[in-house]
Amino acid sequence: MANHPNHHEAAYLSLTRGLRELDLRGPCVPSDLVLIGDHAFPLAMNSQGQVLMAASLYGKGRIVVLGHEDYLIAFPALVENALTWLRGDGSDNLSVGVHRNVKTLAENVARSGFQTQVVEEFSSKLGFGVYVTDAYSVGADPKQLVAFLTAGGGVLIAGQAWSWAADHPHENVLHQFEGNRVAGVAGIYFSGNVGELENLPVYPQIPTSWMAAMLGKDFEDDLEFLLQGISEFEIPSGLLASEVLIHGQLAFPIGTTDDGRAFLAGAYYGQGRVIVATHEGLLGRREWASFWKSAIHWLDEGRQGVIGVSHDPALGILQQSGLTCQKSGFRKDLSVFVCSAYGGDHAQEIQNFVAEGGGLLIGGHAWYWAQTNSGKNPLKHFAGNKILNKMGLSLMGATISSGKYQAPNPKQAIKDNYHFRHLLTRFASHVTAGDNLSKQEEKCLKKLGSDCATYLRMKAHDSCFYNQVVSTMTDILKKSGIPQVSENCPVKCPKDHLLLSVGAEVYKTCRDPDALLPYLIKDRPLLPVVYNQRINIDVKIAGEKEWLSTGLYLSSGMKTYISIPAEMVQKGWQIQIGCQTDQLNAEELKRPPRVHEQFAVTSEMMQVWNLWGGLIYLVAPPQADVHGVEVIVQMAVPAPYYKSGVTTAEAWSLLRTAPSPWAELEFDNIILTVPSEAVRTLEHPEELAQLWNKIMKAIADLAAKPEKFPRKERFVADVQISHGWMHAGYPIMGQKSAVNELVNVDHMKTCGLWGPIHELGHNQQRGCWEFPPNTTECTCNLWSVYVHEEVLGIDRAKAHPNMSLENRKSRARNYVTQGRNLNSWDMWVALETYMQLQDKFGWDAFKKVFAAYHQMSQFPGDNPGKMNLYTETFSQTVGMDLTAFFKAWGWPIQAATEQKLSNLPSWSDHPMAQYS
């Protein structure tokens, strides 16, 4: 958790060396500078967050931008520092070219030991190391100066654009003002805004302010151009788009859902422009042709250039724009490049192409990539984002469904619509200055919290704006703290939602997390610890990844080192802190939304922590095969941890009092994670182990699987889960109040545990004999009935009130009366079908059917096909034609199935026959 190195800080120190203050109180009035990209950073920022001097890197070169040309004379020490820095490290070229309009500077420069030459205009042939000009004398061909910068030259440019903007009210200052044709390429723009005059101290670090996150443009004119004749956008059925996070100062939403999630966005980047659509399928939609025509013209900016299209489906639509469109890979001579977001080739070249004036239309989603690249961050690793992030746009794993979405009103879009950067500034002013938020802004705070957390996970510490956001959020948290959420003190208001969402992420990314910790966690009990605990690793993972318990816990904010054997490094292993992996999205929170942390094992010594604390796990990757090695945990809190066959009665008598608030009970085929108070009085865990071993054996038995599970099931009881009373998965999650059903033998034997077995049944379901959505909440109950009757000795009618004979009969009768409609054949109604089969043929028939499916490899993909296969399989298994029975339940039995089974005796007296 060391501070993150930032090479911009070293540059800043070089540029401000020896300076204590910059007195900007007059008489010259500077422009406010707008900064974008990863490499632009402020040198002077006033109390309003306006940047009046800045620097950046571009290509191999460097640039310093001053907000007024008179600053070249007013601050000779700064200019001398700038010229030294602009020469570049190790360069011995002392030649400085000075444009004649700022020739008064030449004498000062010469006194500093540089060789100066006053010129009429820039020429690369003159061999300057640094070139100095005002912002009005870039010349007719700024590309020469940009090429000089790209190749490693230094540029010092000064001026203001507010007077130009006043004289050109209908012009685009960002692109048309002369100085921006060079400085803008490097991510620094002279804006039309007047800078407030102050005497500014020179800070020891790059200045930051929450006010610096103000948007650099209102985008009304851009949206008016792009949305000509567009009233709505339709994402067609069957197309699942990603959401795009709009975080740049010059990025803006074009198409959004009603709740502000963007699927279409644009941005200025350098001297060019970009539009992103969050599914490549939208680029070829004929219904979008009018928009794409406007988009291509907006990107082309009147050049009438060649549009290169590498995404085939888009070519026909885009040719209707009237511009020259051709099938093409990336080329620097294009005016606009159209591509999908999935190729990582030419990322840097495409960024430079846009920065130097090109247009980019890119389409694609990141949700599928996120789902298939577990453990990786789409914002950081997805190919399209390697192009887009610097442009202030990032494709997220979050999805946007099909539907019709109203186009924004250009005059109100930025004010009314959600915008990450704008709302972050407003929230910061709310917390730090007491400004009131509108109701619309308050409604968006929960989303802002989620987006901030997502954005912070980029860990883009080489980006000045990223560090501005971290600094802003750190200031907010120090001012407001975060709500000390608990079961007895739930969080409901949007502001508290936001603070809970971002607290842990800011803690992980800020400069001094230890200084921030007291603002985040008020009550940090000092728990006794153990040192240098050795964990034996002896695993052979057959299938999916698996958590390995350590019996150790980390308190809130507590850090520890873990020594890892070399054979586990860079092999997909992870360290996880926290058992509650459910991410919450509820209106009322009883715990923070995300409370676990995972660390990829990348070295033999790992430092790990979690703001919220948690049990320590090693997460083994699929097919891991590691034996006879040890992991050593430097320092941790011991947890009550019982493992069948390992933990002795004597050891447990002490372990059950261990100070960790979480405990684990590991049996043959299941691991229970519960609050520690649930096991403090558990004197005989072996009795509980025996019962759970019988239950899990029965679950495997019914599923016709080997008694030993390939991976032990896990169950975590939490104060709040993502949905429902319990839900299946790894781990199965359940409400804390269900603990009795898990660890109290008397309660289990008397009252049963329908819910936990229902979820374990979910984990046994297979798509080949499932008919979703009808049987999703039905067939899992086969295991509930089986376990209660065969292991616990509890009759099905007592195991669950819905299983009484009266309720069963009335459901079947009502289903028939209502027309045997498969739309209402679900859950308890559908379960009656299976129960009638069980009444007649017993549990062995089900075991044999499941066993038969294990031997099959080809399955229908649709429900009717799967229902016919099930009918055939069950009939063959029991030696009786069951087609009449299933038809009586409204199943779509095909004539071919009836023909196949016609040689078997028919089940004519089935229970549904009475209703025929």
Side-chain angles (χ1 to χ4, degrees), residues 1-2 369-378 380-381 457 459 508 529-554 558-579 581 596-610 613-639 641-647 651 655 660 662 664-671 673 706 708-714 716 729-731:
M1 209 141 69
W369 186 95
Q371 288 177 8
T372 53
N373 287 269
S374 177
K376 290 188 176 180
N377 184 343
K380 199 166 185 176
H381 301 117
R457 287 182 206 123
K459 294 186 169 52
K508 287 185 287 186
V529 298
V530 291
Y531 295 92
N532 298 324
Q533 290 295 105
R534 295 175 180 270
I535 314 295
N536 291 318
I537 305 297
D538 198 3
V539 295
K540 185 176 178 66
I541 306 298
E544 301 168 277
K545 67 180 182 181
E546 185 171 341
W547 302 2
L548 308 180
S549 300
T550 65
L552 299 171
Y553 172 85
L554 285 184
M558 177 181 173
K559 304 170 199 169
T560 193
Y561 283 97
I562 299 182
S563 172
I564 308 286
E567 52 262 60
M568 293 169 60
V569 175
Q570 300 282 18
K571 296 288 171 53
W573 284 79
Q574 293 176 305
I575 299 166
Q576 178 174 302
I577 314 298
C579 57
T581 50
H596 76 287
E597 292 293 345
Q598 289 182 326
F599 301 83
V601 174
T602 55
S603 66
E604 291 183 44
M605 187 60 73
M606 297 284 300
Q607 188 182 36
V608 296
W609 66 92
N610 183 357
L615 290 169
I616 304 175
Y617 298 94
L618 295 159
V619 183
Q623 276 71 56
D625 192 359
V626 177
H627 302 278
V629 298
E630 283 185 333
V631 166
I632 304 172
V633 181
Q634 175 212 29
M635 178 179 68
V637 177
Y641 174 46
Y642 176 87
K643 185 172 183 178
S644 291
V646 176
T647 310
L655 269 175
S660 157
W662 286 95
E664 290 203 314
L665 303 168
E666 181 169 348
F667 306 138
D668 288 356
N669 280 312
I670 193 167
I671 304 167
T673 308
K708 181 173 173 53
F709 280 47
R711 175 179 72 174
K712 293 183 181 185
E713 296 278 16
R714 280 187 173 271
V716 175
Y730 183 83

* **side chain to side chain contact (heavy atoms under 4.5 Å, CB included) between K540 and H627, intermediate numbers included** => CA-CA 8 Å; K540 185 176 178 66; H627 302 278; 4.3 Å; yes
Identify, with sequence neighbours excluded, every residue that meets side chain to side chain contact (heavy atoms under 4.5 Å, CB included) alongside [X].
| X | answer |
| --- | --- |
| P710 | none |
| S603 | M606 |
| K571 | W573 |
| Q574 | K545, Q598, V619 |

[X] vs [Y] side-chain heavy atoms within contact, under 4.5 Å:
| X | Y | answer |
| --- | --- | --- |
| K508 | W609 | yes |
| L554 | N610 | no |
| V631 | L548 | no |
| H381 | N373 | no |
| S563 | M605 | yes |

Under 3.5 Å donor-acceptor, [X] side chain and [Y] backbone:
| X | Y | answer |
| --- | --- | --- |
| S549 | G551 | no |
| T560 | M635 | yes |
| Q576 | E597 | no |
| T550 | I616 | yes |
| N377 | R457 | yes |

* Structure fact -> Residues at least two apart in sequence or cross-chain that pass side chain to side chain donor-acceptor pair (under 3.5 Å) with E567, listed by chain then number, are none
Ignoring hydrogens, what is the shortest heavy-atom contact between [X] and [Y]? Give both atom names and the distance.
| X | Y | result |
| --- | --- | --- |
| S660 | L615 | OG-CD2, 4.0 Å |
| A566 | E604 | CB-OE2, 3.7 Å |
| G572 | P621 | O-CB, 3.6 Å |
| A636 | L552 | CB-CB, 3.9 Å |

* **Working for side chain to side chain contact (heavy atoms under 4.5 Å, CB included), residues E630 and N536** => CA-CA 5 Å; E630 283 185 333; N536 291 318; 3.4 Å; yes
Rounded to the nearest 0.5 Å, how far does [atom2] of [Y] lie from [atom1] of [X]?
| X | Y | atom1 | atom2 | answer |
| --- | --- | --- | --- | --- |
| N669 | K708 | CG | NZ | 6.5 Å |
| H596 | C579 | NE2 | SG | 10.5 Å |
| Y642 | E664 | OH | CD | 14.5 Å |
| L618 | I537 | CG | CD1 | 5.0 Å |
| N532 | Y561 | CG | OH | 14.0 Å |
| L655 | Y641 | CG | OH | 10.5 Å |

* By ring-ring contact (aromatic ring centres under 6.0 Å, His included) - contacts of W547 (at least two apart) -> Y617, Y730
* Short N-O contact, R711 and E546, less than 4.0 angstrom -> no
* To do: Might you confirm whether atom CD of Q371 has over 12 heavy atoms from other residues, nucleotides or ligands at distances under 6.0 Å?
  => yes
* Asked: Given the rule in the side chain to side chain contact (heavy atoms under 4.5 Å, CB included) test, do I541 and Q623 qualify, once you have shown the distances and angles that lead to the verdict?
  -> CA-CA 5 Å; I541 306 298; Q623 276 71 56; 5.9 Å; no
* Of T581, I671, T673, which meets side chain to side chain contact (heavy atoms under 4.5 Å, CB included) against V716? -> T673
